[in-house]
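Below, chain A is the first sequence line, B the second, and so on; all start at residue 1.
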There are 2 protein chains.
Amino acid sequence: MNEQLQPLKKQPRAGKSRSGTQDDVVYAHIFDAILEQRLAPGTKLSEEALGEIFGVSRTIIRRALSRLAHEGVVLLRPNRGAVVASPSVEEARQIFFARRMVERAITELAVEHATAEQLAELRQMVSEEQACFSRGDRGAGIRLSGEFHLKLAEAAKNAPLISFQRSLVSQTSLIIAQYESSGRQHCSYDEHNELIDAIEARDKDKAVTLMMHHMDHIDSKLNLDEDSASDDLHAVFSHLLQTKKKAGRAATR
Amino acid sequence: MNEQLQPLKKQPRAGKSRSGTQDDVVYAHIFDAILEQRLAPGTKLSEEALGEIFGVSRTIIRRALSRLAHEGVVLLRPNRGAVVASPSVEEARQIFFARRMVERAITELAVEHATAEQLAELRQMVSEEQACFSRGDRGAGIRLSGEFHLKLAEAAKNAPLISFQRSLVSQTSLIIAQYESSGRQHCSYDEHNELIDAIEARDKDKAVTLMMHHMDHIDSKLNLDEDSASDDLHAVFSHLLQTKKKAGRAATR
DNA sequence: AGTGCCTGCATTGTACACAATCGCTTGGAT
DNA sequence: ATCCAAGCGATTGTGTACAATGCAGGCACT
């Protein structure tokens with residue numbers, strides 16, 4: 001296992017156009033891996049290992065981890081490295097409280113400000129989300145559900161709210177991945193579609209009501225189960241690896 | 001050349017308190033300097049200059065700037081360095097909208113959860129704030145006003161809200177420093193005291209009403225109404241400029 | 001004289017080397 | 001046998017050298 005990703009691949013993923021900087025690429029990959037549950041909560045994220053996997057120095061990894069920590073999906077323990085966050089039930093409750101508050105405000109603002117173009121984009125996202133679920137890609141589905149809510153925040157045209165929502169959605173996705181009973185429907189896209197209808201009709205009360213019910217549905221699906229995923233970094237990112245290059249110490253610790 | 005100034009007047013402990021606090025010291029000093037308007041909006045924050053001032057390497061400075069950027073008080077322009085943020089009127093409006101929302105939620109939660117000890121701390125902060133204003137230290141007063149609201153958020157016992165509030169309060173302080181009409185009272189401590197009374201009495205409606213009025217008072221003191229359609233190109237585009245003349249104490253040596 | 005290119009300079013971006021720290025293990029004493 | 005302590009290995013924290021990028025000023029050309 002002396003593999004390394006030697007150059008950095010520019011745009012390896014479809015659907016998520018990040019600006020081409022190394023930073024964002026690394027950040028996005030780790031982020032997605034966590035939200036899609038390819039990295040289980042509690043998994044240690046070694047700087048050196050990640051650096052070799054992505055073919056960048058620890059400097060870049062460190063910055064990405066710092067961003068992730070600020071968003072709450074990674075926990076940074078001084079002198080002890082980073083681990084994937086594993087929100088407690090209490091933390092989950094706080095996050096959901098904040099999300100209800102934010103989603104209500106966002107919905108009201110979106111009813112006022114959303115453009116036709118944005119509504120079209122939202123519908124596009126719902127259909128992609130639906131496609132993911134119907135082909136059984138649960139992880140991508142959870143992520144796309146979150147991106148829907150984030151896109152809605154953008155329609156609200158309030159920068160601080162967008163930023164906060166990004167953090168809340170990330171953590172919510174982590175919670176869902178961690179606590180949701182398997183087999184159930186997740187962020188049902190039907191509810192998303194109805195929501196778009198209400199917004200398009202500029203029916204604020206209906207939109208807010210739908211959103212609140214949507215929130216109810218989401219957290220009513222949670223339980224306290226827990227399942228695990230791989231904690232082998234090389235396995236998780238195996239789709240990025242090319243058998244190539246130096247016989248460094250890709251061997252695990 | 002290696003003259004390394006010693007402006008670390010606030011450092012309580014002598015010597016270099018190692019192990020991780022360097023970050024926080026640098027961060028806090030820059031933060032305070034911005035909120036107390038010793039660094040004007042638009043001022044460029046050179047990594048090397050700051051490094052020499054604080055006697056640390058660019059690594060530390062960079063991390064501090066990154067944190068400040070995430071909180072919205074510093075703007076990080078790729079390959080072009082960091083500058084003190086100068087919120088536009090529109091940005092200020094968005095921030096105030098978000099703050100109203102958050103303060104309402106925080107107030108309600110604080111009425112439910114605040115302990116006697118926390119209320120005592122809040123009263124203590126108000127008196128300190130009052131002391132600052134009465135001795136004419138406007139900058140410190142603004143900062144303490146903000147810290148009062150942050151302390152209140154802690155009483156609400158909701159981690160995501162605290163984090164968001166920290167960012168909002170920082171940016172609000174910056175806005176106040178930038179837009180407030182001179183001579184007026186700022187975050188009047190009387191209102192803060194009344195608010196504590198209502199919370200202590202567990203009177204939720206009254207507390208929320210007081211808080212909303214408090215918000216009204218704050219932004220009624222700002223100049224960010226229509227008059228800001230300035231014909232001064234330099235003012236209009238101030239957010240694009242690097243303040244070279246203002247260099248006073250931070251820039252060139 | 002005005003405009004556009006081009007080179008030199010200053011600043012940021014990245015990688016790497018070294019130092020500090022933490023947890024674990026091993027050895028010894030009670 | 002258990003507990004404590006000191007050594008050790010592994011990992012993170014920090015400083016610094018070097019590369020890349022953007023900007024300013026000068027020069028040639030129209």
Side-chain angles (χ1 to χ4, degrees), chain A residues 4-10 18-27 30 42-70 74-84 231-234 245-246 248-253, chain B residues 1-2 4 8 15-27 30 42-70 74-84 237 240-245 247 250-253:
Chain A
Q4 184 178 4
L5 187 75
Q6 91 278 32
L8 65 147
K9 315 178 66 169
K10 274 306 177 182
R18 297 301 304 158
S19 50
T21 69
Q22 298 179 343
D23 249 14
D24 297 324
V25 173
V26 172
Y27 165 82
I30 300 176
T43 304
K44 184 151 190 271
L45 300 169
S46 154
E47 296 181 0
E48 186 173 350
L50 289 169
E52 287 200 11
I53 289 170
F54 289 104
V56 297
S57 78
R58 284 174 47 213
T59 306
I60 310 295
I61 302 296
R62 177 176 285 264
R63 201 157 45 222
L65 291 177
S66 175
R67 269 179 75 183
L68 291 163
H70 201 99
V74 153
L75 180 64
L76 235 49
R77 304 166 304 176
N79 285 311
R80 301 197 45 210
V83 295
V84 178
D231 66 346
D232 185 329
L233 294 179
H234 291 276
K245 235 188 175 183
K246 84 166 193 184
R249 33 343 195 315
T252 49
R253 52 283 165 197
Chain B
M1 189 169 177
N2 280 335
Q4 183 172 324
L8 302 181
K16 290 179 160 184
S17 48
R18 271 201 156 276
S19 70
T21 53
Q22 285 192 75
D23 284 25
D24 300 324
V25 171
V26 172
Y27 165 83
I30 300 176
T43 305
K44 181 164 185 204
L45 301 170
S46 156
E47 296 181 0
E48 188 174 354
L50 290 170
E52 287 196 13
I53 288 171
F54 290 105
V56 297
S57 78
R58 284 175 47 213
T59 306
I60 310 296
I61 302 296
R62 177 177 286 264
R63 198 159 47 219
L65 290 177
S66 175
R67 267 180 78 182
L68 291 163
H70 199 99
V74 153
L75 180 64
L76 233 51
R77 304 165 305 176
N79 285 311
R80 301 196 46 211
V83 294
V84 178
F237 293 112
L240 301 174
L241 296 174
Q242 300 178 11
T243 310
K244 292 181 175 174
K245 49 188 177 180
T252 48
R253 314 193 313 98

Taking the side chain as every heavy atom from C-beta outward, state whether [X] and [Y] have any atom pair closer than 4.5 Å.
X: B:I60; Y: B:R63; value: yes
X: A:R67; Y: A:I30; value: no
X: B:F54; Y: B:L50; value: yes

- Measure the distance from CD on B:E52 to P on C:dA10 and round it to the nearest whole Å. 14 Å
- Task: Only one of B:L68, B:L65, B:L45 passes side chain to side chain contact (heavy atoms under 4.5 Å, CB included) with B:L76; say which it is.
- Result: B:L65
- Query: Which pair of heavy atoms, one from B:V83 and one from B:K44, lies closest together, and at what distance?
  - Reply: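 Nearest heavy atoms, B:V83 then B:K44: CG1-CA, 3.9 Å.
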- Item | Residue pair A:S46 / A:A49: nearest heavy atoms and the distance that separates them |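 So the two residues come closest at OG-N, 3.2 Å.
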Atom pairs, protein N/O to nucleotides 11-14 of chain C N/O, distance under 3.5 Å:
unit_1: C:dG13; atom_1: OP1; unit_2: B:N79; atom_2: N; d: 3.2
unit_1: C:dG13; atom_1: OP2; unit_2: B:R62; atom_2: NH1; d: 2.9
unit_1: C:dG13; atom_1: OP2; unit_2: B:R62; atom_2: NH2; d: 2.9
unit_1: C:dG13; atom_1: N7; unit_2: B:R58; atom_2: NH2; d: 3.0
unit_1: C:dG13; atom_1: O6; unit_2: B:R58; atom_2: NH1; d: 3.3
unit_1: C:dT14; atom_1: OP2; unit_2: A:R63; atom_2: NH2; d: 2.4

Restricting both atoms to N or O, compile the protein contacts to nucleotides 5-8 of chain C shorter than 3.5 Å, with distance only.
none

- In Å, rounded to the nearest 0.5 Å, how long is the span from CD of A:E48 to CD1 of A:I61?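 Rounded to the nearest 0.5 Å, the CD-CD1 separation comes to 11.0 Å.
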